[in-house]
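One structure is given below, encoded as structure tokens.
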Amino acid sequence: TQSTRPQRILGAVQQNATRGDPRSVVRAIDQYCRSQEWAMNVGDEKGCILDSVVSEVNPSTVLELGTYCGYSTVRIASLLPPHAKLITLEFNPKFAVIARQVIAWAGLEDKIQLVEGSSGDLIPKLKEQFGVKAFDLVFLDHWKDRYLPDTKLIEECGLLRKGGVLLADNVICPGAPEYLEFVRSSPRYESQYFKSHLEYTKVEDGLEKSVFLG
Ligand SMILES: Cn1cnc(CNC(=O)c2cc(-c3ccc(F)cc3)cc(O)c2O)c1
Ligand SMILES: [Mg+2]
């Protein structure tokens, strides 16, 4: 029976990465997706920008919207301080099954909580169900038309601390025009665009970093 792309990505991790070594998991996925088949991981070029923002924020609690195979989940979690936690939301159960195994291979189960479901449904439950007070960093990488409604929902639920950071992938390709317009024009955010390229290609893309001013 035919394997899926996420299953093949997991295979590349199990074949080429060292158990318990998150950076080798990241490297194995990038090498596979660059040489064998493209996949929608944030990738190595934008990944370096992601690393620098994570290191600068040094977050205690991170929310990721859109897990996919867990590439950025592992990449972020590998940079977190000892007691920091990352919650990642994934709608697609087929992606979640793979991501859990990639996260386990990296040895990061204790830092990461993967929750299956739609962000719109789950975000209002994060405080009561997961004892979250407020997030220091939110990485948006799910459906691009959900970036704006979910940002408003995160604000309404008081889930972003003052000085907290939103970092959004794909603001050029596939694009999130309404989201960009909102964070760039709102007096409650200080936004900055990091020009880069769509993962594993020469196509322009970038990350938008927006600091919540409260
Ligand atoms: C199905 N699905 C479940 N989660 C999601 C959310 N992610 C994306 O949609 C996404 C898409 C692309 C992309 C796809 C085709 C193309 F030609 C150019 C770019 C790149 C990314 O980095 C992404 O994050 C989609
Ligand atoms: Mg993306």
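Counting starts at 1 for both ligands and their atoms, in listed order.
- Electrostatic pairing of E199 and R34 does not count as a salt bridge here, judged by no charged N lying under 4.0 Å from a carboxylate O.
- Listed by chain and residue number, the protein N/O/S atoms under 2.8 Å of the Mg ion (ligand 2) are D141 OD1, D169 OD2, N170 OD1, with waters left out.
- Ion pairing between a basic and an acidic side chain is recognised when a charged N comes within 4.0 Å of a carboxylate O; R75 and D44 show no such pairing.
- Side-chain contact, Y71 with D30: a donor N or O sits under 3.5 Å from an acceptor N or O.
- Residues I98 and P6 share a closest heavy-atom pair of CG2-O, 3.4 Å.
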What side-chain donor-acceptor pairs closer than 3.5 Å can you find for residues 163-173, not counting sequence neighbours?
{"residue": "D169", "atom": "OD1", "partner": "K46", "partner atom": "NZ", "Å": "2.7"}
{"residue": "D169", "atom": "OD2", "partner": "K46", "partner atom": "NZ", "Å": "3.4"}
{"residue": "N170", "atom": "OD1", "partner": "K144", "partner atom": "NZ", "Å": "2.9"}
{"residue": "N170", "atom": "ND2", "partner": "C173", "partner atom": "O", "Å": "3.1"}
{"residue": "N170", "atom": "ND2", "partner": "D205", "partner atom": "OD2", "Å": "3.2"}

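- When heavy-atom distances to ligand 1 are checked against 4.0 Å, the residues falling inside are W38, M40, F95, D141, H142, W143, K144, D169, N170, C173, P174, L198, E199, ordered by chain and number.
- Pairs of residues two or more places apart, or lying in two chains, that qualify as side-chain hydrogen bond (donor to acceptor under 3.5 Å, both in side chains) and include a residue from residues 88-100 are E64-T88, T67-T88, R100-E116.
- Across every non-hydrogen atom of Q7 and Q2, the tightest pair is OE1-O, 4.4 Å.
- Side chains of R8 and S3: a donor-acceptor N/O pair is present below 3.5 angstrom, by distance only.
- In this structure, a donor-acceptor pair under 3.5 Å is present between the side chains of Y200 and N41.
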